[in-house]
Amino acid sequence: AISVLRDMNWFASGHSSGLVVLWLIDLHKRTAKFQQRFFQGACVTSVCTGPEGFTLYSGEDSTDGKIDFWTMGYQGPDASFFHGYPVTNMHMSSDSSWLLTASDNGIIRLWDVSTATSILAGEFTHEGV
């Protein structure tokens with residue numbers, strides 16, 4: 001799993017070991033330097049960053065589909081969401097007010113980030129569309 005922050009100077013990577021790593025990109029040297037490590041717990045299958053540049057979301061391949069919300073610079077997650085199924089993809093809105101999560105079984109959830117509640121959930125398929 002990988003996500004680039006909008007300014008292209010940072011990126012986050014997720015690993016099957018449960019680690020999420022934040023990297024600083026140096027385009028002049030063509031290198032990426034380790035900056036911070038977070039521990040999700042289970043295999044990290046999706047990461048996304050907030051457009052403001054200091055928040056990070058990581059989703060895992062677990063039966064409850066845990067999603068952790070991190071503030072860069074701190075070690076522990078600020079909050080957790082539970083998708084209900086292993087998370088395969090996520091996207092943050094441009095104003096950081098909502099988070100969209102998805103799983104392989106077709107379940108998609110829209111989250112209100114300020115309250116950590118699911119405001120829309122359902123199975124969305126392309127059949128009959």
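Computed from heavy atoms alone, side chains included, the values below leave out hydrogens, waters and symmetry copies. Being a predicted model, the structure only gives us computed values, none of them experimental.
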Same apolar cluster: W111 and F82, side chain cutoff 4.5 Å: no

Hphob cluster co-occupancy, V87 + I107, side-chain heavy atoms under 4.5 angstrom: no

To the nearest 0.5 Å, how far apart are [atom1] in [X] and [atom2] in [Y]?
X: M92; Y: T101; atom1: CE; atom2: OG1; answer: 11.0 Å
X: F81; Y: I67; atom1: CZ; atom2: CD1; answer: 7.0 Å
X: L99; Y: S118; atom1: CG; atom2: OG; answer: 10.0 Å
X: I2; Y: S13; atom1: CD1; atom2: OG; answer: 6.0 Å
X: D112; Y: W98; atom1: CG; atom2: CH2; answer: 12.0 Å

Test your reading of the model: is there a side-chain donor-acceptor pair from [X] to the backbone of [Y], 3.5 Å cut-off?
X: S96; Y: G50; answer: no
X: S46; Y: G59; answer: no
X: T88; Y: A102; answer: yes

Do the non-hydrogen side-chain atoms of [X] and [Y] ever get within less than 4.5 Å of each other?
X: H15; Y: V44; value: no
X: I119; Y: T117; value: yes
X: T55; Y: V113; value: no

Under 3.5 Å, is there a donor-acceptor pair between the D61 and T45 side chains? no

Is the number of heavy atoms from other residues, nucleotides or ligands under 6.0 Å of Y85 OH greater than 12? no

Decide yes or no on side-chain contact (heavy atoms from CB on, under 4.5 Å) for L22 and L56, but give the supporting numbers first. CA-CA 9 Å; L22 182 65; L56 174 69; 5.6 Å; no

Minimum-distance pair of heavy atoms, taken over all atoms of [X] and [Y]:
X: W70; Y: S58; result: NE1-OG, 3.0 Å
X: H83; Y: R109; result: O-NE, 2.6 Å
X: S3; Y: C48; result: OG-CA, 3.5 Å
X: S97; Y: D95; result: OG-OD1, 2.7 Å

By side chain to side chain donor-acceptor pair (under 3.5 Å), S62 pairs with (sequence neighbours left out) E60, D64

